[in-house]
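Just below is one structure, and these are the notes that go with it.
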Amino acid sequence: MKETDRQLETIKRNTVEIIEEKELKAKIDKSLSSGIPLRVKYGIDPTAPDIHLGHTVPIKKLKDFQDLGHRVLFLIGDFTARIGDPTGRNETRPILSDQDIKRNLSRYREQAGKILDLEKTEFVYNSSWLAPLSLSDLIRITSIFTIAQVLERDDFSKRYREGKPIFMQEFLYPLLQGYDSCALQADVEIGATEQKFNLLAGRTMQEAMGQEKQAVITMPILVGTDGRMKMSKTYNNHVPLQSQPEEMFGRLMSITDTAMEEYYRLLTREREAVFLEDISSDPRKAKSKLARQIVGEYFGLEAGEKAETEFDRVFREKQAPSDIPGFKVEPGLEDVQGMVLVIDLISAAGLAPSRSEARRLVIQKAVKLDDEIVADPSARLKIRDGQVLKVGKRKFARLEKS
RNA sequence: GGGUAGGUUGCGGAGUGGCCAAUCGCACCAGACUGUAAAUCUGGCGGCUUACGCCUUCGGAGGUUCGAAUCCUCCCCUGCCCA
């Protein structure tokens, strides 16, 4: 009994809702007495190959379960990805091709492994049970729900009200996700709050199929670096796991001050009293401590510290980074007198997407050669080996001449 | 099947014959400032062998016109109403 409460305590940290807590408790009890671990399901769409910090919130919860001795079923929705989960979207998702999906799969494992113990994680693909379903199977599944029930879902009703298209296949999505729970005989399913409808569909479906209903745990949705919208790659306010430590550090430094508290709470183990004090006494320091901790978690403490030093160097002291990518100045760029047009140099070095953009940057005084502003777009420069070209705050190239 | 409203530059959304590369908001970029790639302010934000010049763009294809995102024809896509 005592152990059950202890487990429940750990599980409850940072959750938004547990449906139903009583059921979960009973499941834990049963698991403890029988020695059979709970089957904890978490599903992800292999639509975008990158996990970002927002995804780590529920994944960290999986880790909690893992540490408590339970079994994590990491579901890759390779089949449902073809449908596209409409959750949280006002529009239809593009359908991915088989190749796209396949290409994305392997990277998940690697990234999830930064949080989860892969030895104890079972990766499952829902195509293995969804693909063989027959039409009559599908009809049986669809007969469990009514149109009105599915339409009740927030994003569907919103789209319906706004006169935006909803395709039949999207309607199927929650049902198939629910069916996944049946196929896996899940005891618990974890998801972000926006997944609630889909998670509950699992309960309905399991009950209809004569299984014990899964407990549903919803986790908060991490706000993006803008501090307003949820973290999502499409809003470009995300912090991907797969990146350079320096890049991750920088992205974390760009979160709005108001988001710091949430990031500390959901992404670190820092004690509440400590980070609240840090934030109120010195916000800048608190933010870099946060960034250092998170970078440290994924790349190691040393990398976290190095990223911080580098950040200070480049953005606070406005010096060149210690490691600047080199760019070989080909003789073809130079004119007869050995001079190079700035705009040619910038675009050849890949520091601007187009020559027009390069021109604008020059005019805006964003371009420096060895700390000297080059403001004339028609300027011709004499390049010496080892000079540093800086474009904007973040783009550098060390010029090499052979 | 009938009727009707729409499809505009990353997103949202103006524009309904020349003043439109196309208002504005968001996102993004740059500069200033600062406590940071926060906040705030200012500017930029299709492309071009170097730019009061040229080229491409407003669902697609044709057409009218000196001139079209704006008018016409056909086609494709979406919403709503009726059946």
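Quick caveat: nothing in here was measured; it's all calculated off a predicted structure. Just so we're on the same page: letters track the sequence lines, and every chain starts at 1.
A salt bridge links A/K61 to A/D64: one of the charged nitrogens lies within less than 4.0 Å of a carboxylate oxygen. Salt-bridge formation is detected for the pair A/E261/A/R265: a Lys NZ or Arg NE/NH1/NH2 atom is positioned less than 4.0 Å from an Asp or Glu carboxylate oxygen.
At a cut-off of 3.5 angstrom, the base of B/G44 holds no donor-acceptor pair with the side chain of A/Q364. Between the base of B/U50 and the side chain of A/R380 there is a donor-acceptor pair shorter than 3.5 Å. With hydrogens and angles ignored, a donor-acceptor pair under 3.5 angstrom links the side chain of A/R394 to the base of B/A37. In terms of polar N and O atoms assigned as donor or acceptor, the side chain of A/N236 never comes within less than 3.5 Å of the base of B/G10 in a complementary pairing.
Between A/L361 and A/K318, the one whose closest nucleotide on RNA chain B sits nearer the 5' end is A/L361. Heavy-atom nearest nucleotides on RNA chain B were determined for A/E357 and for A/R316, and the one closer to the 5' end corresponds to A/E357.
Base pairing annotation: B/C71 forms a Watson-Crick or G-U wobble pair with B/G63, both donor-acceptor distances under 3.5 Å. Pair check for B/C48 finds B/G53; Watson-Crick or G-U wobble, both atom distances under 3.5 Å. Under the Watson-Crick and G-U wobble criteria, each requiring two contacts below 3.5 Å, nucleotide B/G1 is paired to B/C82. Applying the Watson-Crick and G-U wobble criteria (two distances, each under 3.5 Å), B/U23 pairs with nothing in any strand. Across the strands present, B/U42 finds its partner in B/A30; the criterion is a Watson-Crick or G-U wobble pair with both atom distances under 3.5 angstrom. Pair assignment for B/A14 gives none, since no Watson-Crick or G-U wobble pairing has each distance under 3.5 Å.
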Kindly indicate, with the supporting measurements, whether the criterion salt bridge (charged side-chain N to carboxylate O under 4.0 Å, His left out) is fulfilled by A/K390 and A/D370. CA-CA 8 Å; A/K390 180 181 185 188; A/D370 271 353; over 6 Å; no
Walk me through whether A/D117 and A/Q66 qualify under side chain to side chain donor-acceptor pair (under 3.5 Å). CA-CA 8 Å; A/D117 181 349; A/Q66 221 164 41; 5.9 Å; no
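Between A/T258 and B/A38 there is no side-chain N or O to OP1 or OP2 distance below 4.0 Å. OP1 or OP2 of B/A38 has not a single side-chain nitrogen or oxygen of A/S254 nearer than 4.0 Å. At B/G47, none of the side-chain N or O atoms of A/R359 fall inside 4.0 Å of OP1 or OP2 (strictly under the cut-off). Between A/R360 and the phosphate of B/G44, there is no side-chain N or O to OP1/OP2 separation shorter than 4.0 Å. Taking only side-chain nitrogens and oxygens, A/K393 comes nearer than 4.0 Å to OP1 or OP2 of B/G31.
The CG-P distance, from A/L351 to B/A30, rounds to 12 Å in whole Å. Here the P atom of nucleotide B/A38 and the CZ atom of A/R228 are 13 Å apart, to the nearest Å. We find that NZ of A/K395 is positioned 14 Å from P of B/C28, with the value rounded to whole Å. Rounded to whole angstrom, the span from the CZ atom of A/F167 across to the P atom of B/C77 amounts to 10 Å. Here B/G12 presents its P atom at 12 Å from NZ of A/K158, a figure rounded to the nearest Å. With rounding to whole Å, A/I166 atom CD1 is found 11 Å from B/G79 atom C1'. The interatomic distance linking A/D257 (CG) with B/A37 (C1') rounds to 13 Å, in whole Å. Atom pair A/I343:CD1 and B/A51:P shows a separation of 9 Å (rounding to whole Å applied).
Aromatic ring centroids of A/F171 and A/F156 lie under 6.0 Å apart.
For the P atoms, the distance from B/C24 to B/U73 is 34 Å, rounded to whole Å. For the C1' atoms, the distance from B/C66 to B/G17 is 12 Å, rounded to whole Å. Between B/A68 and B/C20, the two P atoms lie 15 Å apart (nearest whole Å). Separating the C1' atom of B/U65 from that of B/G18 is a span of 11 Å, rounded to the nearest Å. Taking atom C1' in both B/A22 and B/U4, one finds a spacing of 29 Å when rounded to whole Å. The C1' atoms of B/C75 and B/G7 are separated by 14 Å, rounded to the nearest whole Å. Separation of the C1' atoms belonging to B/U8 and B/U56 is 15 Å when rounded to the nearest angstrom. Between the C1' atoms of B/C58 and B/C71, the separation comes to 16 Å (whole Å).
Checking A/E310, A/E308, A/E297 one by one against A/R292, the salt bridge (Lys or Arg N to Asp or Glu O under 4.0 Å) holds for a single residue, A/E308.
No contact: A/K289 has no heavy atom under 4.0 Å from any strand. Among the heavy atoms of the strands lying under 4.0 Å from A/K287 is at least one base atom, whether or not backbone atoms are also near. Among the heavy atoms of the strands, none lies under 4.0 Å from A/E317. Using a 4.0 Å heavy-atom distance criterion, A/F311 is classed as a base contact. A/I255 comes within 4.0 angstrom of the backbone, heavy atoms only, and of no base. A/G392 comes within contact range of the sugar-phosphate backbone alone, with a heavy-atom separation under 4.0 Å but no base atom that close.
Ring-plane geometry between A/H238 and A/H52 is classed as perpendicular, the angle between the planes exceeding 60 degrees on a 0 to 90 degree scale with a lower cut at 30.
Here the nucleotide nearest the side chain of A/R284, chosen from B/G35, B/C29, B/C80, is B/G35. Minimum atom distance to the side chain of A/A366 is reached by B/G31, of the listed B/A38, B/G31, B/C26. Here the side chain of A/P165 is nearest to one of B/A30, B/U78, B/U36, namely B/U78. Out of B/U36, B/G47, B/U50, the shortest distance to the side chain of A/L341 is found at B/U50. Closest approach to the A/S356 side chain among B/G47, B/C80, B/C29 is made by B/G47 (side chain taken as heavy atoms from C-beta onward). When distances run from any side-chain atom of A/S378 to the nucleotides B/C48, B/U50, B/A37, the shortest one goes to B/U50.
Nearest heavy atoms, A/A348 versus A/L333: CB-CD1, 4.0 Å.
Contact annotation: the side chain of A/H70 never approaches that of A/K120 to less than 4.5 Å [non-hydrogen atoms, C-beta and beyond].
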